[in-house]
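For reference, the structure is listed below as structure tokens.
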Amino acid sequence: MKEALIVWGGWSGHEPKECADVVGAMLEAEGFKVFKENTTEAFADPSIRDLSLIVPIITMAKIEKEELSNLLEAVKGGVGLGGYHGGMGDAFRDQPDYQFMVGGQWVAHPGNIIDYTVDVTRPDDPVVEGIPSFPYRSEQYYMHVDPSNEVLATTRFNGDHAEWIDGTVMPVVWKRRFGKGRVFYSSLGHVASEFEFPPMREILRRGLLWAAA
């Protein structure tokens, strides 16, 4: 049986506990044994190197040096890492080594909750296969991203809330490698209710399974 660790915490506005429960149930339905912790101390446990998947749901917050070092080594060694929105893409802002692993870092969401479009750019990839481009209402994440990411979906900014980024195409969903580990990220999913939107939920489900493979 595959085992997954969900570590939740950080800024409460992203409803980390509620989202951890949703993601946990999703993984359990796929046959995972799921462990949930609400402290970054969990990352320091050497046993995480035996997991199939780690899911951080920790917006902002801090992580100790030894916790991050063990997490980095676990993923380099082959443990999958997967997550979404600020829980993975805006965790530990002062740790560039973490951002190097994730492949990006949130920097803005102009206009806050707005309507925008998610464009699937790799319809041949199993993570997004059969999912057409779709409208979405949430925070449209503007991120600093690693050019080595394998981008599966993007969004285009229209400049209504920051005219200087009009037309900018931004990655929304990507996967990458970090050592032997598979890393998956989706910027969708501001609060738990967004998991009720089938395309968002299905992309994350498939992405987490890919990372854990």
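Values below: all heavy atoms of this structure, side chains included; hydrogens, waters and symmetry mates excluded.
Taking hydrophobic clusters as Ile, Leu, Val, Met, Phe, Trp and Tyr residues chained together by side-chain heavy-atom distances below 4.5 Å, V107 does not share a cluster with Y116. Cluster membership check: I57 does not share its hydrophobic cluster with F92, using side-chain heavy-atom separations under 4.5 Å among Ile, Leu, Val, Met, Phe, Trp and Tyr. A continuous path of ILVMFWY side-chain contacts below 4.5 Å connects V7 to V183, so both sit in one hydrophobic cluster.
Between H14 and D90, every side-chain heavy-atom pair lies at or beyond the 4.5 Å cut-off. Looking at heavy atoms from C-beta onward, D125 lies in side-chain contact with E150 at the 4.5 angstrom threshold. Looking at heavy atoms from C-beta onward, F184 lies in side-chain contact with L204 at the 4.5 angstrom threshold. In this structure, the side chains of K62 and D94 come closer than 4.5 Å at one or more pairs of heavy atoms. With contacts defined as side-chain heavy-atom distances shorter than 4.5 Å, the pair V22/R201 qualifies. Residues E3 and D50 have side chains not in contact (no heavy-atom distance under 4.5 Å, counting atoms from C-beta outward).
Ring pair F134/F197 is tilted by interplanar angle, where 30° to 60° counts as tilted.
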### Task
Take N112 and E139, measure what side-chain hydrogen bond (donor to acceptor under 3.5 Å, both in side chains) needs, and give me the verdict at the end.
CA-CA 5 Å; N112 299 315; E139 294 173 336; over 6 Å; no

#### Entry: Candidate pair Y98 and F43, rule ring pair (Phe, Tyr, Trp, His ring centres under 6.0 Å), full reasoning
CA-CA 12 Å; Y98 173 81; F43 293 133; 8.3 Å; no

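Atoms CD1 and CD1, on I54 and I6 in that order, are 11.5 Å from each other to the nearest 0.5 Å. Remark: H190 NE2 to M200 CE distance equals 11.5 Å, nearest 0.5 Å. Atom CD1 of I131 is separated from atom CD1 of I203 by 4.5 Å, given to the nearest 0.5 angstrom. In this structure, CD on Q95 lies 10.0 Å from CD on E67, to the nearest 0.5 angstrom. Atom-to-atom distance recorded for I58:CD1 and W8:CH2 is 10.0 Å, nearest 0.5 angstrom. Summarising the geometry, atom CZ belonging to F178 is positioned 9.5 Å from atom CG belonging to L81; distances are rounded to the nearest 0.5 Å.
With respect to the salt-bridge test (charged N to carboxylate O, under 4.0 angstrom), the residues E30 and R205 qualify.
Enclosure of atom CD in E41 is not indicated, since only 12 or fewer non-hydrogen atoms of other residues, nucleotides or ligands lie within 6.0 angstrom. In K36, the NZ atom is crowded: over 12 heavy atoms of neighbouring residues, nucleotides or ligands sit closer than 6.0 Å.
Y185 has its ring centre no less than 6.0 Å from the ring centre of Y141.
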